[in-house]
2 protein chains.
Amino acid sequence: MTESTAPVLHETESPKRHDILAAAGMLFMQLGYGATSVDAIARAALVSKATLYAHFPSKEALFATIIDDACRTSLAAPILLPEDDPDVARVLRTLGDQMLRFILEGRALAIHRVVIAEAARFPELGRAFWENGPGRLRQALSAWMQRQQDAGRLRRVDAGLAADQFLGLLRSGGHVRATLGLPPPTEAEIDRTVQAAVDTFLRAFAPTG
Amino acid sequence: MTESTAPVLHETESPKRHDILAAAGMLFMQLGYGATSVDAIARAALVSKATLYAHFPSKEALFATIIDDACRTSLAAPILLPEDDPDVARVLRTLGDQMLRFILEGRALAIHRVVIAEAARFPELGRAFWENGPGRLRQALSAWMQRQQDAGRLRRVDAGLAADQFLGLLRSGGHVRATLGLPPPTEAEIDRTVQAAVDTFLRAFAPTG
DNA sequence: GTCTATAGAAGGATAGAC
DNA sequence: GTCTATCCTTCTATAGAC
């Protein structure tokens with residue numbers, strides 16, 4: 001309190017600890033849990049293994065810390081759902097575009113894949129991923145759709161189910177292939193997928209009138 | 001030729017080899033590549049490691065053989081798409097029901113997860129999974145939809161894209177959660193998802209008339 | 001083909017000096 | 001907190017007898 005005026009959020013953040021987290025994060029994401037050795041992490045962080053074990057009790061704990069943190073920070077993409085925009089199609093197109101590009105991009109895809117890979121050994125990571133990523137978006141989108149229904153701009157249906165369906169339409173095709181390591185969709189394909197998702201969704205959920 | 005009348009398909013299939021494949025298949029699916037040791041496989045197969053290495057040149061080769069084989073056989077669920085049934089909704093409901101239950105069931109889900117997990121180390125497995133599973137279904141469904149369009153029972157659109165969308169609607173919600181190790185959807189939720197997928201799809205793709 | 005026994009390397013984790 | 005050096009286990013893979 002009396003030493004510094006700098007707003008230190010994590011006073012436990014030594015530089016070495018930061019280096020370890022950075023190196024381990026990269027290696028775990030790229031190679032997975034099993035194929036990444038503690039030796040390799042220490043080497044990449046320019047740190048001895050003893051130092052690593054002074055900061056983290058085990059390889060498992062280090063992995064869990066990193067992935068959990070990555071879920072909390074890297075998945076928290078800003079969700080753009082302007083309440084007052086009456087153009088439902090435009091809002092969905094913008095959201096779909098951002099969301100699809102985000103989950104196809106390197107980091108989010110790497111997190112997704114490593115979490116699926118280790119969901120058996122680290123069940124809590126599956127939950128952390130869901131709650132910070134897809135679940136959060138589903139929640140926000142569902143609430144938005146409910147309000148659009150109340151405003152008469154969407155047909156009245158189960159909002160949670162409708163949100164799931166719109167997100168499912170976005171993921172259709174390209175995302176499954178990308179998680180399997182196959183070539184990701186091109187820019188043009190992404191645009192086409194988003195447009196098609198919005199079209200299909202609105203054909204099905206436009207207000208009856 | 002002169003010894004036996006039994007129709008032997010694979011004469012290279014010794015009983016030990018079969019035991020090894022069975023044991024390794026179970027362990028790899030359950031624990032993944034890294035967490036499964038050759039020792040454990042040999043023990044479970046009641047075979048020595050030397051015998052295992054007499055049949056397979058390496059752990060990697062054994063893994064690749066097993067997963068590739070699993071993709072070819074276990075993913076080849078029969079695709080029921082009766083050409084002559086004019087009731088499009090019924091066909092889609094039947095297909096959706098089978099498909100969704102299949103990809104949520106233990107074995108298919110285990111294969112999916114282990115392939116995603118090791119897609120970096122074994123890129124060819126990602127392709128094998130796609131081509132024998134989702135890709136095959138997409139292909140069949142796309143062709144069926146094309147013919148339904150020709151018969152005037154569906155609106156004329158890009159059939160491949162429509163197939164992707166229907167499959168995306170089916171996967172929406174439950175499947176993503178299941179791959180993350182979260183509780184799979186209940187029977188009732190599966191039914192609801194299938195019904196909702198068919199409803200949304202037909203609302204969007206019914207013939208204009 | 002199949003076994004027992006073991007080589008040889010790499011894994012995670014720690015002791016002890018500073 | 002950080003290092004060097006090392007411990008013990010486990011790993012993949014093989015040699016050699018049968």
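Quick caveat: nothing in here was measured; it's all calculated off a predicted structure. Heavy atoms only: backbone and side chains are in, while hydrogens, waters and symmetry mates are out. Here is the naming used below: chain letters follow the sequence lines, and residue numbers restart at 1 for every chain.
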Round to the nearest Å and state the distance from [X] atom [atom1] to [N] atom [atom2].
X	N	atom1	atom2	value
B:Y33	D:dC11	OH	P	13 Å
B:D19	C:dG1	CG	C1'	14 Å
A:F56	D:dG1	CZ	P	11 Å
B:I20	C:dG1	CD1	P	11 Å
B:R121	D:dT12	CZ	P	11 Å
B:L27	D:dT12	CG	C1'	16 Å
A:L52	D:dC3	CG	C1'	13 Å
A:Y53	D:dC7	OH	C1'	13 Å

>> With rounding to the nearest 0.5 angstrom, report the OG1 to CG distance, A:T193 to A:L170.
In response: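 It is 8.5 Å, given to the nearest 0.5 Å.
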>> Would you say B:Q165 and A:T200 are linked by a side-chain donor-acceptor pair, where the criterion is simply a distance under 3.5 Å?
In response: yes
> Have A:Q195 and A:D191 got a donor and an acceptor in their side chains that come within less than 3.5 Å?
Replying inline: no
> Base, sugar-phosphate, or nothing for B:S37, non-hydrogen atoms under 4.0 angstrom?
Replying inline: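 Sugar-phosphate contact only.
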>> Categorize A:K16 for me: base, sugar-phosphate, or nothing, with a 4.0 angstrom heavy-atom threshold over every strand shown.
In response: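 Sugar-phosphate contact only - A:K16 comes under 4.0 Å of backbone atoms but never of a base.
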Nearest listed nucleotide, side chain of [X], among [options]:
X	options	answer
A:D39	C:dG11, C:dT2, D:dA13	C:dG11
A:V38	C:dG12, D:dT2, D:dT14	C:dG12
B:K49	D:dC3, D:dT2, D:dA13	D:dA13

>> Using a 3.5 Å distance criterion without hydrogens, assess whether the side chain of A:K49 forms a donor-acceptor pair with backbone atoms of A:I41.
In response: no
>> On DNA chain C, does the nearest nucleotide to B:L46 precede the nearest nucleotide to A:G34 from the 5' side, or the other way round? Give the residue.
In response: B:L46
> Hey, is the side chain of B:T51 poking within less than 4.0 Å of OP1 or OP2 on C:dC3, counting only N and O atoms?
Replying inline: yes
>> Tell me if the centroids of the rings in B:Y33 and B:F122 come within less than 6.0 Å of each other.
In response: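 Under 6.0 Å, so yes.
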>> Both B:A50 and B:K59 contact DNA chain D. Taking the nearest nucleotide for each, which residue is further toward the 5' end?
In response: B:K59
